Amino acid sequence: MFEIKLQETRVYREAKEEGRQEGLKQALEEIREKGLQQGIQEGIQQGLQEGLQEGIQQGRELAKLELIPRCLAYGISIEEVARLLHLTIEEVEQVRLTTEQESSTST
């Protein structure tokens with residue numbers, strides 16, 4: 001008498017919609033998790049790169065400061081040392097004074 005197809009029932013439609021919603025929810029969670037992991041990896045890489053660049057720059061600055069007393073010991077003028085090492089005369093003078101104070105304290 002009454003022929004109702006499974007697809008026409010309210011229970012089937014509700015179950016189908018619930019399954020669709022659950023599938024979307026799960027897919028969004030997976031996408032979010034993958035995006036989060038990718039963001040973390042990119043952040044780590046960027047941090048490492050920036051840290052490396054900063055370390056290299058600090059090493060270059062330290063090398064310049066260590067060269068100042070040597071250059072001055074060879075008789076190169078403060079102005080010339082500043083020009084050669086791309087420093088200000090004040091920076092060279094400060095290192096010279098510090099080096100002289102350390103030398104007089106250690107003797």
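Since the structure is predicted, the reported quantities are computational estimates derived from the model, not experimental observations.
More than 12 heavy atoms of other residues, nucleotides or ligands sit less than 6.0 Å from atom CD of Q21. Around the CD atom of Q26, the shell of radius 6.0 Å holds no more than 12 heavy atoms that belong to other residues, nucleotides or ligands.
Taking a cutoff of 4.0 Å between a charged side-chain nitrogen and a carboxylate oxygen, E17 and R13 do not qualify as a salt bridge.
Rounded to the nearest 0.5 Å, atoms CD1 (I89) and CZ (R96) are 12.5 Å apart. Considering CD of E90 and CG of L97, their distance stands at 11.5 Å, rounded to 0.5 Å. Between I31 atom CD1 and L24 atom CG the span is 9.5 Å, to the nearest 0.5 Å. Taking SG of C71 as the start and CD1 of I78 as the end, the distance is 12.0 Å to the nearest 0.5 Å. Rounded to the nearest 0.5 Å, atoms CD1 (I76) and CG (L84) are 6.5 Å apart. Note: E14 CD to K16 NZ = 13.5 Å, rounded to the nearest 0.5 Å.
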Quiz item: Run the side chain to side chain contact (heavy atoms under 4.5 Å, CB included) check on L65 and I68 step by step: do they pass?
Solution: CA-CA 5 Å; L65 298 178; I68 293 171; 4.1 Å; yes
Practice problem: Step by step, work out the side-chain hydrogen bond (donor to acceptor under 3.5 Å, both in side chains) result for Q53 and Q57. | Solution: CA-CA 6 Å; Q53 291 301 320; Q57 185 61 34; over 6 Å; no
Exercise. Applying side-chain hydrogen bond (donor to acceptor under 3.5 Å, both in side chains), run through Q38 and E42 and close with a yes or a no.
Key: CA-CA 6 Å; Q38 183 178 356; E42 288 175 4; 3.0 Å; yes
Self-check item: Full working for side chain to side chain contact (heavy atoms under 4.5 Å, CB included) between Q46 and E50
Solution: CA-CA 6 Å; Q46 183 177 353; E50 289 175 8; 2.9 Å; yes
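Using a 4.5 Å heavy-atom threshold, the side chains of L62 and Q58 count as separate. The shortest side-chain heavy-atom distance between I56 and L52 falls under the 4.5 Å cut-off. Contact check for E91 versus K64: no side-chain heavy atoms found under the 4.5 Å cut-off.
Defined by atom type and a distance below 3.5 Å, a donor-acceptor pair is present between the side-chain atoms of Q37 and E33.
Closest heavy-atom contact between E61 and L87: OE1-CD2, 4.4 Å. The two residues R83 and E80 make their nearest non-hydrogen contact at NH2-OE2, 2.6 Å.
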